[in-house]
Amino acid sequence: MSAHPVIHTRDVRRVFESRKGFFFNELVRTEALKGVDLDVDAGEIFGLLGPNGAGKTTFTKIVSTLLLPTSGTVEVLGFDVTKEAHKLRPRIGLVLGGERGLYNRISARENLRYFADLFGVPMERRDKRIEEVLERVDLVEAADRRVEEFSRGMKQKLHLARGILHGPEVLFLDEPTIGLDPKSARETRKLIRSLVADGVTIFLTTHYMFEAEELCQRIAVLSRGRVVAQDSVAGLRKLVGGDRTIEVEAYGFDDGEIQRLRALPGVSRVVSEEYGPRLRLTMRVRTNELELATIRTMLANHPELALRERRTSLEDIYLDLVEEEAS
Amino acid sequence: MAPNAYSRGRSLVAVLRLSVLTFLADPQWLIPSLIAPVVFGLVAYELFSGAGPFFVLYAILGAGMMSMWGQTLYGSGWATGADRHLGTLEPTLSSPTPYLYVVGGRVIWNTVAGLFGGAIVFAVVAVTYGRPIPLSDPLDFVLMFLFVIVTLASVGVVFAAAYVYTRYAGFIQNVGEFAFYVGTGCMFPVVLLPFWTNPISLVLPPTWALDALRYLAIPGYQGFSWGFWWDIIGAVGTTLVYLVIAGTVFKSVERHVLEVGDLNDW
Ligand SMILES: Nc1ncnc2c1ncn2[C@@H]1O[C@H](COP(=O)(O)OP(=O)(O)OP(=O)(O)O)[C@@H](O)[C@H]1O
Ligand SMILES: [Mg+2]
């Protein structure tokens with residue numbers, strides 16, 4: 001199994017057609033995915049990042065059999081999602097999250113029981129299993145309350161509980177920690193890691209960069225329906241030009257100075273942005289040779305020069321990639 | 001570990017259970033579907049009690065039908081609309097259980113609830129006037145009554161399919177409601193309607209079944225001039241057609257919604 005990726009897609013495209021206007025006479029075409037190639041290996045946590053409307057949810061629904069691709073190859077656990085969805089469904093779990101998607105008038109436990117039945121969780125194990133997942137998401141005490149009384153975060157936890165109820169081999173999570181307080185979000189990340197320890201492969205989308213950095217072995221960045229990068233965080237750092245990020249701040253720089261900074265050894269990228277009354281240059285640096293002192297000497301004529309160095313974060317990488325794509 | 005397998009029986013029971021629980025969580029909604037028919041039944045009684053017991057029965061049967069109609073026919077489709085609205089259609093479709101069984105469970109529940117509603121209308125009218133409804137053969141009547149509700153359920157399944165198919169099904173249903181009440185002859189005899197409406201009435205299975213029921217219950221009933229047995233044949237025939245339509249639609253409906261991708265719009 002490990003030789004073959006658990007999720008394998010090639011040139012996945014998805015077009016939405018909807019009608020607008022009073023007489024539904026205006027046809028609107030949206031190309032949500034424009035040829036997505038992704039491979040996710042067994043047992044890894046794979047993160048899909050991207051701006052709003054990039055196509056993350058669309059892609060998640062396609063790989064979890066809830067939406068057909070307009071064209072392209074999509075295989076999950078070796079099954080073709082367009083032809084073998086019925087074989088795949090018992091083996092995968094999907095958490096779309098949000099406030100909706102639950103039967104509000106009945107209790108959390110009854111919701112789980114209903115879906116356990118639809119998913120065919122063996123009868124003799126069902127009630128025990130429900131108890132187990134309730135415990136895992138910390139909802140035991142609220143289990144017999146109506147879902148309509150739940151807070152947003154509690155609903156999110158119930159979504160998660162339902163997603164893992166039938167013991168899926170692959171779990172798809174669309175923004176699993178959205179709406180959770182910091183403690184619950186951390187517990188959810190712990191839960192995700194413990195699932196991986198049990199051998200589950202995780203595919204998740206998120207807008208929280210630190211979350212992706214903390215959890216994911218590999219990450220893909222989706223922008224306007226295209227994968228602009230797909231690698232480990234370390235690999236992505238190389239891709240955007242370096243582990244080191246140096247920020248230089250002063251009341252303005254001239255073009256010549258920026259040119260000279262760019263020409264320094266190991267510097268791959270210099271971006272300037274206004275920062276209040278000041279200008280900030282963000283530099284990606286590949287090597288350890290370049291010392292801050294060198295830059296300080298170069299820019300010695302600037303009063304109140306501020307100079308900082310940090311490790312390139314996933315957020316830096318993400319913004320680089322998405323901005324590059326946009327320009 | 002072998003993947004879990006769904007079982008049809010278990011899925012049906014689960015859906016029935018969910019329907020009952022949802023109903024018990026908020027049973028008030030039964031009231032609107034009973035008020036109109038009960039009022040209609042009582043008014044009919046007042047108006048027609050001079051015209052003899054059988055005319056009264058005619059009207060009361062219509063009232064009972066109205067009640068069952070709402071529950072049996074609309075309940076099944078409406079539940080799918082509610083699934084869209086709640087966002088539960090997606091997790092339901094992502095389960096291995098084919099959606100047809102989910103609808104099946106709801107049709108069974110709504111049929112039972114519809115029977116219950118019809119019985120309440122009869123009971124209220126009978127109790128109010130302290131007189132039982134005259135029936136020549138109660139057993140035949142009950143069997144026929146069940147038959148009527150099966151024909152209703154067959155239309156219900158088609159409606160449910162429409163609800164899965166498109167989120168505009170509710171609109172079609174609202175427009176169609178009055179036409180159905182009148183068209184099937186629950187309110188007054190179909191023969192009183194203008195001739196051009198007859199084809200509309202005759203494509204609805206309950207029209208035939210209801211006419212047959214009246215043959216059974218009302219001595220000397222004229223109805224359609226072709227008689228009881230042709231009514232039965234017509235009802236069975238049209239019901240089968242509806243079931244075939246529903247079956248065909250359901251074969252493609254799941255694929256259709258996955259293609260269109262509007263499972264969640266409301
Ligand atoms: N059912 C639909 N009908 C028409 N267009 C759709 C539909 N679903 C998504 N789209 C469009 O497809 C594009 C991608 O949407 P998608 O929801 O996949 O983005 P996303 O990356 O999940 O965004 P977000 O971060 O906001 O959740 C958007 O332009 C969206 O408007
Ligand atoms: Mg999304």
Side-chain angles (χ1 to χ4, degrees), chain A residues 14-18 24 32 57-58 61-62 64-70 77 81-82 85-96 98-107 110-111 113-123 125-126 146 148 159 162-163 165-169 172 199, chain B residues 1-29 79 82-102 105 166-168 171 252 254-266:
Chain A
R14 172 70 214 202
V15 176
F16 286 107
E17 279 179 353
S18 52
F24 305 109
T57 300
T58 303
K61 285 185 182 172
I62 287 176
S64 59
T65 78
L66 268 191
L67 187 65
L68 289 171
T70 306
L77 292 166
V81 294
T82 60
H86 58 289
K87 288 190 197 153
L88 181 57
R89 282 181 186 153
R91 294 165 172 261
I92 60 175
L94 170 65
V95 180
L96 287 176
E99 299 258 17
R100 303 172 60 241
L102 299 162
Y103 291 100
N104 292 322
R105 299 211 172 139
I106 59 175
S107 70
E110 285 294 351
N111 266 280
R113 182 172 155 161
Y114 176 65
F115 284 100
D117 286 336
L118 291 195
F119 273 91
V121 176
M123 211 59 154
R125 273 197 276 131
R126 183 188 63 195
R146 282 188 189 199
E148 63 194 359
H159 277 294
R162 177 176 58 198
L165 189 57
H166 56 295
E169 293 162 58
F172 299 98
Chain B
M1 192 180 72
N4 303 321
Y6 77 95
S7 107
R8 287 166 197 170
R10 191 174 160 194
S11 297
L12 282 176
V13 172
V15 175
L16 263 174
R17 186 186 156 89
L18 177 73
S19 306
V20 174
L21 285 172
T22 316
F23 168 71
L24 291 178
D26 203 359
Q28 299 90 302
W29 60 259
D83 262 345
R84 271 178 193 282
H85 191 79
L86 282 170
T88 41
L89 193 55
E90 283 181 334
T92 307
L93 284 178
S94 79
S95 85
T97 296
Y99 199 68
L100 181 59
Y101 296 104
V102 175
T166 166
R167 58 192 151 114
Y168 300 114
F171 172 72
S252 60
E254 275 195 52
R255 201 167 175 86
H256 168 83
V257 288
L258 298 186
E259 254 164 38
V260 175
D262 70 345
L263 292 176
N264 213 354
D265 292 343
W266 48 298

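The figures here come from the full heavy-atom set of this structure, side chains too, leaving out hydrogens, waters and symmetry mates. Every chain is numbered from 1 and lettered A, B, ... according to where its sequence line falls, protein lines coming before strand lines.
- The candidate with the highest count of non-hydrogen atom pairs below 4.5 Å against chain A, out of B/P98, B/A82, B/P91, is B/P91.
- Here B/L18 is the residue among B/V260, B/L21, B/L18, B/T92 with the most heavy-atom pairs under 4.5 Å with chain A.
- Using a 4.5 Å cut-off between heavy atoms, A/F16 contacts chain B through its side chain alone, with no backbone atom that close.
- Contact of A/L102 with chain B is made through the backbone alone, with heavy-atom distances under 4.5 Å.
- For B/G105 against B/L16, the heavy-atom pair with the smallest separation is O-CD2, 3.8 Å.
- Between B/R84 and B/L89, the shortest heavy-atom distance links the atoms CG-CD2, 3.7 Å.
- Contacts with chain B were tallied for A/E99, A/R14, A/R162, A/E17; A/R14 has the most, counting heavy-atom pairs under 4.5 Å.
- Looking at every heavy atom in both residues, B/Y101 comes nearest to B/V15 through O-CG2, 4.2 Å.
- Between the OG atom of B/S11 and the CG atom of B/L100 there is a distance of 11.0 Å, given to the nearest 0.5 Å.
- When all heavy atoms are compared, the tightest approach of A/E169 to A/L77 is OE1-CD2, 3.9 Å.
- For a residue to count as touching a neighbouring chain, one of its non-hydrogen atoms must lie under 4.5 Å from one of that chain's; by this rule B/S7 does not touch chain A.
- With chain B as the partner, the residue from A/P122, A/P168, A/G163 showing the most heavy-atom pairs under 4.5 Å is A/P122.
- For chain B, the nearby parts of A/F119 are the backbone and the side chain; heavy atoms of each come within less than 4.5 Å.
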